[in-house]
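Here's the structure, in structure tokens; my notes come after.
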Amino acid sequence: MQTVQLVWFKRDLRVADHQALAQAAKLGTVLPLYVFEPDLWRQPEMDPTHFQFVCQSLQQLDRGLNDLGLRLHSFTGDVVEVLRGLQSQVVIESVHSHEETGGKWTYDRDLRVKAWLQASGIPWFEYPQNGVVRGLRNRDRWAATWKERMSQPIAPTPARIEGFVPKSSTPLPATPLPEANDLQLSLTKDADCQIGGESQAAAMLNSFLETRGSQYRSAMSSPITAQEQCSRLSPYIAWGCITIKQVYQAVRAKQMGIAEAKNMGVACSPAFSRSLSSFQSRLSWHCHFIQKLDDEPELEFRNLCRAYDGMREDDFRSDHFEQWCRGLTGFPMIDACMRYLHRHRWINFRMRAMLMSFAAYHLWLHWREPALFLAKFFLDFEPGIHFPQVQMQSGVTGINTIRIYSPVKQAMDQDPNGEFVRRWIPELEHVPKPFIFEPWKMSIDDQTRYRCRIGVDYPVPIVDHRTAVASAKDRIYTLRRSEQAISGAQQVYEKHGSRKNRDPLPKRRPRSSPESQLWLPGMEE
DNA sequence: AGTGCAGTTGACTTT
DNA sequence: TAAAGTCAACTGCAC
């Protein structure tokens, strides 16, 4: 039997800057492995669009591996079973993969894999692929460590790797990519998603740094401009088609380029520089959030600050939740964003925050169900960013300022002409500007004139903004002042709080802890 | 030309 | 990444 070094691909679907692949190649014959785990894809946060993106990425990964002389071997089933099966045909000398900060399901699966490998005497090497530090005690040196990590050289990709070739007498079982149906997933036909793959990721990065990113800072907040001018790298980073380190170093190179051009007297827009630094800080926030889930996996299910347990649990109204999910709340900006999300499986950071804040405060929904819904609809779903963010927008972390977004104000700020709202809510097509964000204020005559009867063509607002916000504030601030919440918040800060504005001495007391914009990197994108 | 005043702006506080 | 409210400084303008 042949001896192989197994490279287990997970959420790292690329060839470049792939330390696991580079290390395995040093040790001998490489067998690249991907395992479709039906049980994983049945988890409530997973969606067929994620699966589609992964399949697209895998096809490219296979081609990328082919260029190195390798072939991707993919199997469907439980990882331990797959490894066991492989073992009857090859000698697995070592397993190489990247550290993964996932949910409980992948965490438990990794424990099972670890146990099996240990029992079988096979060493498992795991490598970090971002700025997340395993077993971190506190955040004191975190920022510096992050920068060090990002400055490490890109993992070298050998030009040629000796790959495993099955003997014709004992071929590995043929396993074509499963169809979505095989995994009991139904693909949504009306979604218009970004296409997965390492080369798409590289192209996206290039166009952002060449042109699209020049106005990033000012364009990221409005859903209209964000679509083109945000980096749109988030799904690629989430599924590992590109690493944060690759992005960071490319941004650095671009910044140096701009500085150099400036020195030589070439005029360049100052906006681009500022946009790049703004983008760069979001790269670090990306890891900052994932670190939270890595340090405290339970926050996938429970409040970071336990003092808030029980605050919303008994108030869950499924009818409200349903209307929010479908974009039928009667608040035009909320509904427009939700419908946009349905179609594109992405929306910019600010609007994500607004959607979540509306669910948490206006509708007083516990974050868990909205989180699962949004996870499915974010093509860039990254557990380590998602759950901390959702909790933050719900006000249950203890350490963050309560931020309640006004759907009407956000609409006026981010969509001043109402073009976004009209585009995504055809019911409001003929409604003029004065009413576009508050159609319920139209008189019956106006409703007839503008062909939009409130309660018939477009919903009556699901809640009254003023009353709902007042009641939410009252409940959350009352709890926030409790002894339990105050001491709980202290503990959360010790472990998870950003140390950014702490040393040496802040000149002015910060009004709020400046958690940066970023979901997904989404960040905004 | 200085004064009073309503309305605006921005910094800061509170929730 | 919030929004609403306070307060003081500032502005334009009438007299």
Side-chain angles (χ1 to χ4, degrees), chain A residues 216-223 225-226 229-231 234 274-275 277-286 288-289 292 308 311 331 333-334 337 341 346-364 367 370 374 378 380 385-415 437-438 463-482 485-486 489 497-498 500-501 506-525:
Chain A
Y216 171 76
R217 195 211 272 262
S218 56
M220 73 174 136
S221 291
S222 162
T225 44
Q229 302 184 57
C230 279
S231 81
S234 56
R274 274 184 275 117
S275 287
S277 11
S278 170
F279 178 70
Q280 209 167 21
S281 76
R282 267 150 251 268
L283 294 176
S284 122
W285 285 106
H286 176 104
H288 167 84
F289 281 98
K292 291 179 198 248
Y308 295 90
M311 184 173 67
F331 288 87
M333 194 58 173
I334 299 288
C337 287
L341 182 62
W346 177 89
I347 195 163
N348 62 324
F349 172 79
R350 194 183 190 84
M351 296 300 107
R352 291 182 189 202
M354 181 189 69
L355 287 175
M356 192 56 217
S357 147
F358 188 86
Y361 297 109
H362 292 75
L363 305 183
W364 203 246
W367 53 267
L374 291 177
F378 291 166
D380 55 24
I385 295 177
H386 196 70
F387 292 103
Q389 275 292 339
V390 153
Q391 289 207 31
M392 221 166 96
Q393 304 301 345
S394 305
V396 293
T397 63
I399 57 171
N400 303 101
T401 316
I402 305 297
R403 295 179 201 284
I404 304 175
Y405 290 70
S406 153
V408 174
K409 184 178 181 295
Q410 289 300 318
M412 292 191 298
D413 290 351
Q414 311 305 334
D415 183 27
F437 304 134
E438 301 169 285
V463 290
D464 173 66
H465 173 79
R466 280 177 58 102
T467 340
V469 168
S471 140
K473 279 184 175 173
D474 181 51
R475 295 160 96 164
I476 203 152
Y477 284 115
T478 304
L479 221 159
R480 210 177 161 84
R481 278 189 294 266
S482 73
I486 291 168
S498 159
K500 203 177 173 184
N501 281 10
K507 283 203 175 73
R508 209 183 57 220
R509 193 168 58 85
R511 260 178 283 158
S512 58
S513 63
E515 296 278 4
S516 159
Q517 265 202 22
L518 184 160
W519 203 311
L520 71 115
M523 312 174 209
E524 288 297 274
E525 298 232 328

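Letters A, B, ... are given to chains in the order of the sequence lines, protein chains preceding strands, and every chain is numbered from 1. All values below come from the heavy atoms of this structure, side chains included, with hydrogens, waters and symmetry mates left out.
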What's the [atom1]-[atom2] distance between [X] and [N], to the nearest Å?
{"X": "A:Gln414", "N": "C:dA2", "atom1": "CD", "atom2": "C1'", "answer": "12 Å"}
{"X": "A:His362", "N": "C:dA2", "atom1": "NE2", "atom2": "C1'", "answer": "11 Å"}
{"X": "A:Asn400", "N": "C:dA2", "atom1": "CG", "atom2": "P", "answer": "13 Å"}
{"X": "A:Gln410", "N": "C:dA3", "atom1": "CD", "atom2": "C1'", "answer": "10 Å"}
{"X": "A:Ile402", "N": "C:dA3", "atom1": "CD1", "atom2": "C1'", "answer": "13 Å"}
{"X": "A:Met333", "N": "C:dA3", "atom1": "CE", "atom2": "P", "answer": "12 Å"}
{"X": "A:Arg466", "N": "B:dT15", "atom1": "CZ", "atom2": "C1'", "answer": "15 Å"}
{"X": "A:Ile476", "N": "C:dA3", "atom1": "CD1", "atom2": "P", "answer": "16 Å"}

Considering just the side-chain nitrogens and oxygens of [X], establish if one lies under 4.0 Å of OP1 or OP2 belonging to [N].
{"X": "A:Gln393", "N": "C:dA2", "value": "no"}
{"X": "A:Arg403", "N": "B:dT15", "value": "no"}
{"X": "A:Lys409", "N": "C:dA3", "value": "yes"}

Check your understanding: What orientation do A:Trp364 and A:Tyr361 show, parallel under 30°, tilted 30 to 60°, or perpendicular over 60°?
Key -> tilted

**Study point:** Side-chain touch A:Met220/A:Ser278, heavy atoms, less than 4.5 angstrom
**Key:** yes

**Study point:** Flag side-chain contact, heavy atom, 4.5 Å: A:Pro223 against A:Met333
**Key:** yes

Exercise for review: Mind running side-chain contact (heavy atoms from CB on, under 4.5 Å) on A:Gln414 and A:Met351 for me, showing each step along the way?
Suggested key: CA-CA 9 Å; A:Gln414 311 305 334; A:Met351 296 300 107; 3.7 Å; yes

Exercise for review: Consider the side chain of A:Tyr477, meaning its heavy atoms from C-beta on, and name the nucleotide among C:dA3, C:dA2, B:dT15 that approaches it most closely.
Suggested key: B:dT15

